[in-house]
Amino acid sequence: MDSNKRVILAVSLSLLVLLGWNYMFPPAPPLETVPQNLSAPNQTAAPASQDAAQVMPSSPTVQFIPSKGEKLSVDTPLYRAVINSSGGVLESFELKNYKETIDPGSRNIDLVTAQSMTKAPMGLIWNSLPTWAQGEWTVQGGDLDLAAGQSGTIQLSGVVGGVQMDRVLTFTGGTYEVKEEAKITNVTAAQVQGHLAFSVSSVPLTAESDKYNTTKIAYMTAGSLTEEGGQKDLQVGVESTAPAQWGGIESNYFLLAMVPTSSDMFARAKLEDNVYRMTMADQVLLDPGITQLRTVSYYFGPKTAKDLSLMPKDLKGSMHYGFFHIIAQPLNQFLNFLYGYVGNYGIAIIILTIIIKLLFWPLSHKSYKSMEQMKKLQPLMAKIREKYADDREKMNSEIMQLYKTYKVNPAGGCVPMLLQIPVFFALYQALLGAIELRHAAFIPTLPFTDLVWLADLSAKDPYYITPLIMGATMFLQQRLSPPMGDPMQAKIMMFMPVIFTFLFLNFPSGLVVYWLVNNVLSIAQQSYMIKKSK
């Protein structure tokens with residue numbers, strides 16, 4: 001079997017592994033867990049000299065009770081939030097520009113649910129004490145109604161475990177950032193030492209059936225992004241091994257994060273009662289009457305470059321597209337650029353695919369030309385294999401001589417194909433993680449009917465029309481390619497369109513459109529090459 005065919009088979013199998021892994025081995029659903037103490041995910045790593053019991057002191061599980069305090073609302077052009085005056089716990093954060101479904105009457109997405117509220121998002125923990133439950137709190141300020149660019153504050157004060165806490169929460173219209181200044185004052189006659197932890201919590205941000213968009217914990221240390229979606233590990237608890245620039249809970253499309261801006265803090269996370277909790281914690285040492293300040297920026301919103309670029313400490317780095325991020329990021333930006341002109345992301349995907357195909361036309365042309373040359377040599381190669389079936393060394397020598405006689409480079413089709421693979425994978429990742437495709441319509445209804453069809457490019461084709469057509473194009477493309485020399489490998493290639501079609505049935509339709517258009521263009525190019533060679 002020649003090198004071209006080996007590369008084709010290798011690439012096909014690699015794609016099968018890449019695309020099939022998440023489908024065949026999706027993250028396991030959360031297991032039922034016995035409630036554990038709140039301190040486990042909420043304390044920062046301590047110096048090695050400290051006793052483990054001091055790092056993670058035990059305390060009873062205390063949940064947030066919404067009715068305890070006064071509800072304060074914050075209304076901006078982007079969201080409507082509700083803060084509880086008992087410790088400043090976040091009770092609601094409703095995104096005005098993002099709906100739960102594509103139905104006309106769908107509700108806005110609320111990043112805080114009744115279940116996640118039990119873990120007290122934006123609640124402070126002091127030495128394992130839930131300040132929202134242990135402290136007596138007073139509040140200054142009332143409901144806020146902020147236009148774009150306007151700012152307003154809510155001030156909360158309480159005494160917990162020998163320290164007075166003064167929280168100043170600043171909201172600004174036009175951004176998803178909430179800034180906090182937390183002053184901790186020792187009101188006792190003795191030195192006080194403890195851990196202060198800021199927290200966010202969330203139920204899974206995606207449906208359990210969505211295999212291509214899972215909820216994960218993420219944090220960045222020294223410019224390096226870490227993501228953890230393994231639920232068994234998260235049920236035990238994970239933590240950063242170094243101070244984190246930021247930490248949060250994410251899906252492909254949304255992010256709840258904290259960015260400490262005044263000091264280095266360690267990130268810790270845990271999955272408990274099907275709720276993800278992330279904390280950023282720091283050590284505090286206070287002499288009597290001394291006050292220390294800790295500042296944090298919260299982010300509750302979509303993963304868009306425009307909004308995340310306004311945040312400090314490279315929170316925009318949470319928009320990461322995997323191994324080929326350096327290629328995927330500009331492709332995503334160019335897709336949005338095209339959308340600005342055509343106003344339809346489906347059309348923008350088609351145009352982007354055509355442009356990429358045109359850029360790689362010379363390489364593809366060279367690859368197809370080499371494949372056609374190899375195709376013409378197949379009868380001669382078959383005779384050589386038959387003649388020297390018992391002498392492999394002589395067979396290989398004769399085949400190499402055949403290449404030299406007809407001036408054919410057996411690797412001529414390999415290099416152009418390999419150079420295109422990074423772009424191919426990068427665009428796949430870019431489309432998979434683009435929030436712009438969420439609820440973006442391509443062809444809202446089936447032509448000549450009122451049946452909803454490609455009305456959401458982040459969801460699967462409800463009638464499986466595009467995956468089936470994509471499978472047919474793969475089959476046709478395979479028929480145009482030179483036949484495989486090895487019968488077993490030929491059979492593997494024969495089943496590839498069937499396997500890929502099965503995988504694509506539940507793919508986001510935006511990805512299927514890309515693959516389908518790419519296949520059609522490849523067929524057109526191959527047909528042109530075949531016609532030209534005759």
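- Aromatic ring centres of Y298 and W246: separated by at least 6.0 Å.
- For F334 and F337, the ring centers sit closer than 6.0 Å to each other.
- Taking the six-membered ring for Trp and thresholds of 30 and 60 degrees, W515 and F507 have ring planes more than 60 degrees apart, a perpendicular arrangement.
- Electrostatic pairing of D307 and K316 does not count as a salt bridge here, judged by no charged N lying under 4.0 Å from a carboxylate O.
- K313 contributes a side-chain N or O that, together with a main-chain N or O of P260, makes up a donor-acceptor pair within less than 3.5 Å.
- Within the model, atoms CD1 of I83 and CD of E70 stand 12.0 Å from one another, a figure rounded to the nearest 0.5 Å.
- A salt bridge does not link K216 to E228: none of the charged side-chain nitrogens sits closer than 4.0 Å to a carboxylate oxygen.
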Identify each donor-acceptor pair in which a side-chain atom of residues 149-156 lies under 3.5 Å from a protein atom, sequence neighbours left out, and give them as a table.
from: Q150; atom 1: OE1; to: A147; atom 2: N; distance (Å): 2.8
from: S151; atom 1: OG; to: T172; atom 2: OG1; distance (Å): 2.9

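- Taking 4.0 Å as the cut-off between side-chain N and carboxylate O, E272 and R277 do not count as a salt-bridged pair.
- With respect to the salt-bridge test (charged N to carboxylate O, under 4.0 angstrom), the residues E180 and R167 qualify.
- Atom NZ of K179 has 12 or fewer neighbouring heavy atoms from other residues, nucleotides or ligands inside a 6.0 Å radius.
- A tilted orientation is assigned to the rings of F93 and F300, their planes being inclined by 30° to 60°.
- Between Y253 and Y98, the closest side-chain pair of non-hydrogen atoms is not below 4.5 Å.
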